[in-house]
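What follows is one structure encoded as C-alpha cells, with my remarks underneath.
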2 protein chains.
Amino acid sequence: MPGNYLKETDQALTIFKDYCKKKQMRYTLERETMIKALYRLEGHFAVDDLLRNIRRHNPKARIAKTSVYRALPFLMDAGLLRESIAGVGSIVYEHTLGHRDHDHLRCLRCGKIVEFYSPDLIGIQTRICRKEQFLAVRRINTVNGYCRLCKDTAG
Amino acid sequence: MPGNYLKETDQALTIFKDYCKKKQMRYTLERETMIKALYRLEGHFAVDDLLRNIRRHNPKARIAKTSVYRALPFLMDAGLLRESIAGVGSIVYEHTLGHRDHDHLRCLRCGKIVEFYSPDLIGIQTRICRKEQFLAVRRINTVNGYCRLCKDTAG
DNA sequence: TTCTTATTGCATCTTAGTTGCAATAAGAAT
DNA sequence: ATTCTTATTGCAACTAAGATGCAATAAGAA
Ligand SMILES: [Mn+2]
Ligand SMILES: [Mn+2]
Ligand SMILES: [Zn+2]
Ligand SMILES: [Zn+2]
C-alpha cells in the first residue's frame, strides 16, 4: 500500500459524498467500505478480488456481492473507477485517482499486463469523437498478444 | 448480403482449409457451415446471433452451440474473425475479410455503433508494441459514450 | 425522534461459456 | 473401396458472472 493511499482514499470519499448529494443518493457505510477497499487495491482487479479484499479487512461487516455489483456503476460514474482491460472474459477494473489515463498490453500466455501512456493516442480518439459529435464517457484500449518473455514459446 | 459475399466466403473457406492442414485439424462440414454464416452476417454479432443465423439457413443440420464455441478460437486464429467491441458485457464479433482494420464508438443509450478508421492510431499502437518487444495478436479499441442524437437526453 | 424511501442482504434466477464422454466422421493408410 | 485412427461432434450437466424481486434496514430530512 503506497504512501498516497490515505490522500487518494480521502479524496475519493469526498468526491463520492458530493456525488451522492448531487444525485440524491445515500452515502452508506457499505459504499464507504467499498471505496476504501478500492483504493487499497493497487493493480487491476475483478469484482471478486474486490469482494475478497473487503471481507478480509472487514471480517464482521458482511457486505453482499449484490451490493457491490449495484454500486459499481455509480462509482464509475463518479469517476473513481474504470473498466481497464478488454478481452479477458470477466471485467477488469482499476481505480482512477492518482493514475493518469493510460492503456494496456496484455500477454495471452502469462497474463502479464504492461501499461502505457500515450497522449497522442488519446488525442486521436478525442479528435474522432469531436468529428462524430460523440460524447465520450469511457475509453478502453487493449492490445492482446505475447510479451517479450513469452513470444518465443508462443507458437 | 453484399455482392462480394461469394468472393469473401470463398476466400475464407480456402484460408481455413489451409489452416486446418497446417495445424493437422479436420476440415469439417460444421466448420464450413459456420464460416458461411460468418460471412453472411454483415455487422457486429454475438455468438447467439451466429447460431441463430446458422440454424435458420440450415434447418436440417443441427449444429450444437458447443461446437460453435469450440470453433471460434480457431476461426480467430486463422484470421477470419475478431472480437470487435469492448464494454458490452458479452463478446461482440465481426468478420475480417473485406473490412480494413478499424475501431468503434458505441452509444451507451441507443446502442448505435460508429466505426472509424485511423491508421495513425494503429501506428501508435504498433510503435508501442515494438518498443515493449510485444508481439501483438489482436487490438481492441472502443470509446463508449453518447452519440450525437442521444447526448442531449443523456443526463 | 419520527418518517420517508433509498439501499441492503438474501435467495433465486438468468445466461454466457465450459467440460466430460460416448458416438460420429475426417481423412490417411491399406 | 475398406479399414483404422483419432479429431470432432452433440448432448447433458456444470460453472460462474451478473441481475432481480422482495422484505428488512438504515440514511438523512423534517
Ligand atoms: Mn492500468
Ligand atoms: Mn466494426
Ligand atoms: Zn507473457
Ligand atoms: Zn445513441
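Residue numbering restarts at 1 for every chain, and letters A, B, ... go by the order of the sequence lines. Note that this is a predicted model, so its numbers are computed, not measured.
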Inset, instruction - Scan A:R70 against the nucleic acid and name what it touches under 4.0 Å (heavy atoms): base, sugar-phosphate only, or nothing. - result: base
Legend entry - Touch class at under 4.0 angstrom, heavy-atom based, for B:T28 against every strand present: sugar-phosphate
Inset, instruction - On DNA chain D, check which nucleotide each of A:K21 and B:Q24 is closest to and give me the residue with the more 5' one. - result: B:Q24
Legend entry - Nucleotide forming a Watson-Crick or wobble pair with D:dA29, both distances under 3.5 Å: C:dT2
Inset, instruction - Give none if D:dA12 has no partner; otherwise give the nucleotide forming a Watson-Crick or G-U wobble pair with it, both distances under 3.5 Å. - result: C:dT19
Legend entry - Between B:D77 and B:Y19: side-chain donor-acceptor atoms closer than 3.5 Å: yes
Legend entry - Residues B:E8 and B:H99: side-chain donor-acceptor under 3.5 angstrom: no
Inset, instruction - Check every atom of D:dA19, D:dT9, C:dA6 against the side chain of A:R26 and return the nucleotide holding the closest atom. - result: C:dA6
How many whole angstroms separate atom [atom1] of [X] from atom [atom2] of [N]?
{"X": "A:M25", "N": "C:dT4", "atom1": "CE", "atom2": "P", "value": "23 Å"}
{"X": "B:I54", "N": "D:dG10", "atom1": "CD1", "atom2": "C1'", "value": "14 Å"}
{"X": "A:I63", "N": "D:dT25", "atom1": "CD1", "atom2": "P", "value": "17 Å"}

Legend entry - Base of C:dG9 paired with side chain of A:K65 (donor-acceptor, under 3.5 Å): no
Legend entry - side chain to side chain contact (heavy atoms under 4.5 Å, CB included) assessment of A:R109 paired with A:L149: CA-CA 10 Å; A:R109 167 156 299 205; A:L149 301 165; over 6 Å; no
